[in-house]
Amino acid sequence: MKMTDRAKRFLAGLCAAAACVAGLTAGPPAAVAAGPARTFTIGENDFLLDGKRLQIRCGEIHFARVPREYWQHRLKMLRAMGLNTVCVYLFWNLHEWEEGRYDWTGMADAAEFCRLAQQEGLWVMLRPGPYSCAEWEMGGLPWWLLKNDGLQLRTTDPKYLEPATRYLKEVGRVLAPLQVTRGGPLLMVQVENEYGSFGRDAAYMGALRQALIDGGFEVPLFACNPAGAIRNGYRDDLFQVVNFGPGAAKNAFETLRKFQKTGPLMNGEYYPAWFDQWGGRHRTGDVKRYLGDIEYMMQNNMSFSIYMAHGGTTFGLWSGADRPFRPDTTSYDYDAPVSEAGWVTPKFEASRELFAKHLLPGETIPDAPPPNPVIAIPPFQLTESAAVMANLPTPLKDRSPRSIEFYDHSRGCTVYRTTLPAGPAATLAAKGVHDFGWAFVDGEPVGVMDRRGRRYRIDLPARSAPARLDILIESVGRVNFGREVFDRKGLIAPVQLIANGAAQDLLDWEIFPLPLDEKQRASLSFSAAPPKGAAFWRGGFDLAEVGDTFLDVRGLGKGVLWVNGHNLGRFWNIGPTQTMYCPGPWLRKGRNEVVVLDLLAAERPTLAGLTKPILDELRPELDFARRPRAGGAFAAAPSSAAHTGAFTNEVQWQEARFASPVAGRYVCFEATGAHDDKGLTTVAELDLTDATGAVLVKSDWKIVWVDSEELTAEAGDAQNVLDGQPNSIWHSQYSGTSSPGLPHRIVLDLGASQTVGGIRYLPRSGDAGQPGRVKDYRVYVSDEPFGLKP
Ligand code: GLA
């Protein structure tokens with residue numbers, strides 16, 4: 001008897017369902033596709049769908065950043081914007097937060113999202129990881145990998161590769177049935193993510209490629225990279241696409257062509273703007289530049305994927321941090337064409353008009369769906385509270401403190417407690433506190449440790465008797481980019497007490513894990529009595545009608561907020577985000593409950609629902625560890641420079657070796673000339689190399705001083721030279737009345753003396769006319785901070 005395709009697919013679904021019951025999988029069985037099977041191939045010049053040219057007009061959405069109730073709305077918005085394809089990342093840790101237990105339910109139901117995309121007439125590009133980046137906790141890698149000492153993430157180390165390939169096969173089980181070849185919307189599948197920015201091992205890429213093939217993927221597999229990283233880990237059995245931001249298209253495609261002689265040209269991520277970090281200026285992107293780039297690609301038959309077409313919100317505890325350590329905001333609005341709440345923006349309208357002029361035969365663009373209702377909520381108070389320190393669980397015990405992963409504690413907060421001996425005033429010194437630590441002696445606050453400034457020392461008062469030391473640590477999302485993704489949380493090494501010049505390790509600790517999950521929240525005992533210090537707060541409001549709203553959290557300090565049990569993410573009064581997006585479907589008519597964890601004592605906080613978000617209000621004066629940059633004046637003589645050189649105007653990594661290596665803890669990069677005459681300096685990235693030419697790891701570096709940075713007209717923070725991202729740059733100041741001229745200097749603290757043998761510089765991207773590209777420069781290396789006072 002011959003089986004029809006439909007019957008085969010039905011049977012496959014049944015078998016998968018059986019496997020699902022037998023295994024440790026929650027959620028739907030393998031999906032069954034809805035359409036006819038098709039072919040999708042890569043031709044000499046074009047993508048070919050059933051043999052016909054397809055120019056991919058794609059935009060990225062992360063379904064995990066959109067309430068499930070709104071998936072269809074956002075997909076309709078992408079279609080109405082004129083796109084024909086949606087690109088999605090999977091985050092491995094969303095699907096396997098507990099080792100060996102896969103979850104594809106609720107907001108993790110990837111197959112349902114793909115089915116909805118197909119229903120709305122969109123093709124799908126899938127980017128399953130295992131590493132994804134995306135300003136997501138640990139770039140999508142699961143935290144439990146960090147229990148293994150010495151494990152090498154994103155390599156062929158079996159301790160990493162085995163669970164990673166097992167996961168990719170599970171992805172195949174769930175999503176391979178949705179490939180275009182089997183009647184589904186999946187056109188292509190990505191292997192890893194920007195791997196060339198991390199490593200060079202083509203065999204690693206090969207192993208992941210094979211895992212996807214073993215998982216049943218038969219559509220084209222591809223790799224994405226910024227232009228400068230294509231060569232690293234390159235394989236010609238993967239289709240290559242290139243990632244870039246405004247103004248870089250021409251250069252980037254030229255580079256791509258050097259590697260891939262034929263085939264359609266495709267951009268894998270085009271940035272209409274950028275994401276935000278706490279304490280940094282809100283990023284926006286110019287509509288005209290955006291449109292110019294998209295039009296260039298449309299006219300030249302290039303395919304692309306707008307990252308993000310709709311950014312959404314990083315709900316829960318999922319937001320990541322940039323390297324070396326800059327935590328990302330909860331809003332992932334990205335100044336994308338479709339706003340965080342799903343609204344039309346000028347970029348949306350401009351895109352729609354443009355795409356309407358370039359439709360493929362038979363295509364039309366539907367109207368945008370109506371926006372979802374929005375409501376205001378009058379101010380209301382949170383009246384009950386539960387002090388964190390009065391609601392601790394049963395502790396674990398350890399001789400010396402270790403990172404939380406060793407206590408099988410994944411994230412949230414942790415209290416580490418020990419006894420301080422009686423003694424004179426002393427210094428408490430930790431090697432690393434990931435990420436913020438509030439210390440208390442006998443319940444009295446004594447100081448804050450803060451990973452942003454590597455500030456891990458606190459002055460302790462004299463004690464006439466032994467005293468209790470508590471360190472309440474908040475761990476925010478793990479770094480999602482670079483080597484730093486190996487980001488253990490809590491106290492990452494022993495803590496010392498230093499008195500009269502002698503240091504001793506503090507021993508015999510109690511560890512109280514506070515995962516901030518449902519179970520912990522249910523254990524809290526709330527009362528009307530005013531709390532002391534960090535506390536959970538509870539209150540509510542009544543609604544006659546539900547709708548989207550933006551909770552105004554300007555009355556809060558720093559923490560996490562839940563509405564009716566939904567974790568809306570983290571807030572922090574320093575901004576730039578001052579509201580939290582609360583989707584209408586998570587509210588109800590009648591009573592709604594709000595729970596807040598505020599680590600900075602707030603007195604009876606007041607909240608309200610606004611009808612518009614506030615994404616760009618910085619309040620640096622509220623930062624508890626605000627650290628002005630080093631004082632003093634830079635005073636190193638040009639003759640003392642370790643190296644003097646000149647860079648070209650080409651947008652690629654440029655490297656210089658010093659005549660002889662120099663050891664020092666402080667390094668100054670001084671730009672004395674530019675490729676234009678505007679007196680400005682711009683730098684995308686700076687690396688240092690050691691005596692052998694190997695790139696030094698930047699994890700412990702910080703910027704101690706910079707003479708000028710543009711923080712108003714754009715986010716030109718000097719820290720951008722350390723983040724490994726070619727698209728964020730240090731820009732000397734140009735707005736306002738005083739725009740200082742050359743030379744421009746940046747001084748780095750490497751954390752400890754290191755041998756420096758050379759420098760690597762990546763200029764800002766874009767055409768030759770981009771201002772401030774460095775020409776002449778000097779590098780100074782010294783154990784003294786050049787007359788500055790860090
Ligand atoms: C990279 C990554 C993305 C994302 C962007 C910045 O290019 O591939 O996942 O992190 O940067 O938003």
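Remember, it's 1-based here, ligands and their atoms both numbered in the order they're listed.
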Sidechain N-carboxylate O distance under 4.0 Å for [X], [Y]:
| X | Y | result |
| --- | --- | --- |
| Asp487 | Arg478 | no |
| Glu269 | Arg127 | yes |
| Asp286 | Lys288 | no |
| Glu474 | Lys558 | yes |
| Arg154 | Asp201 | no |
| Asp717 | Arg281 | no |
| Glu254 | Lys258 | no |

Top protein contact for [atom], by heavy-atom distance:
| atom | value |
| --- | --- |
| atom 4 (C) of ligand 1 | Tyr307 OH, 3.5 Å |
| atom 9 (O) of ligand 1 | Tyr89 OH, 2.6 Å |
| atom 1 (C) of ligand 1 | Glu194 OE1, 3.3 Å |
| atom 10 (O) of ligand 1 | Glu135 OE2, 2.7 Å |
| atom 2 (C) of ligand 1 | Glu269 OE1, 3.5 Å |

For [X] and ligand 1, answer yes if some heavy atom of the residue is under 4.0 Å from a ligand atom, otherwise no.
| X | result |
| --- | --- |
| Tyr271 | yes |
| Tyr332 | yes |
| Tyr334 | yes |

[X] heavy atoms, cut-off 4.0 Å: which ligand 1 atoms fall inside?
| X | value |
| --- | --- |
| Phe275 | 6 (C), 12 (O) |
| Gln725 | 11 (O) |
| Trp274 | 6 (C) |
| Ala134 | 3 (C), 4 (C), 9 (O), 10 (O) |

Inset, instruction - Ignoring angles and geometry beyond distance, decide whether Asn193 reaches within less than 3.5 Å of ligand 1 through its nitrogen or oxygen atoms. - result: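 N/O-N/O distance under 3.5 Å: yes.
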Legend entry - Under 3.5 Å: N/O of Ser132 near N/O of ligand 1: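 So ligand 1 has an N or O lying under 3.5 Å from an N or O of Ser132.
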Legend entry - Within reach of ligand 1, part of Asn727 (heavy-atom separation under 4.0 Å):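 None of Asn727 does.
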Inset, instruction - Give a yes or no answer on whether the side chain of Asp435 reaches the backbone of Val476 with a donor-acceptor pair at less than 3.5 Å. - result: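 Present.
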Legend entry - is_close_aromatic(Phe669, Trp730), centroid dist under 6.0 Å: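 Ring-ring flag for Phe669/Trp730: false, centres at least 6.0 Å apart.
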Legend entry - Within 6.0 angstrom of Arg257 CZ, more than 12 heavy atoms from elsewhere: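 Correct, the count exceeds 12.
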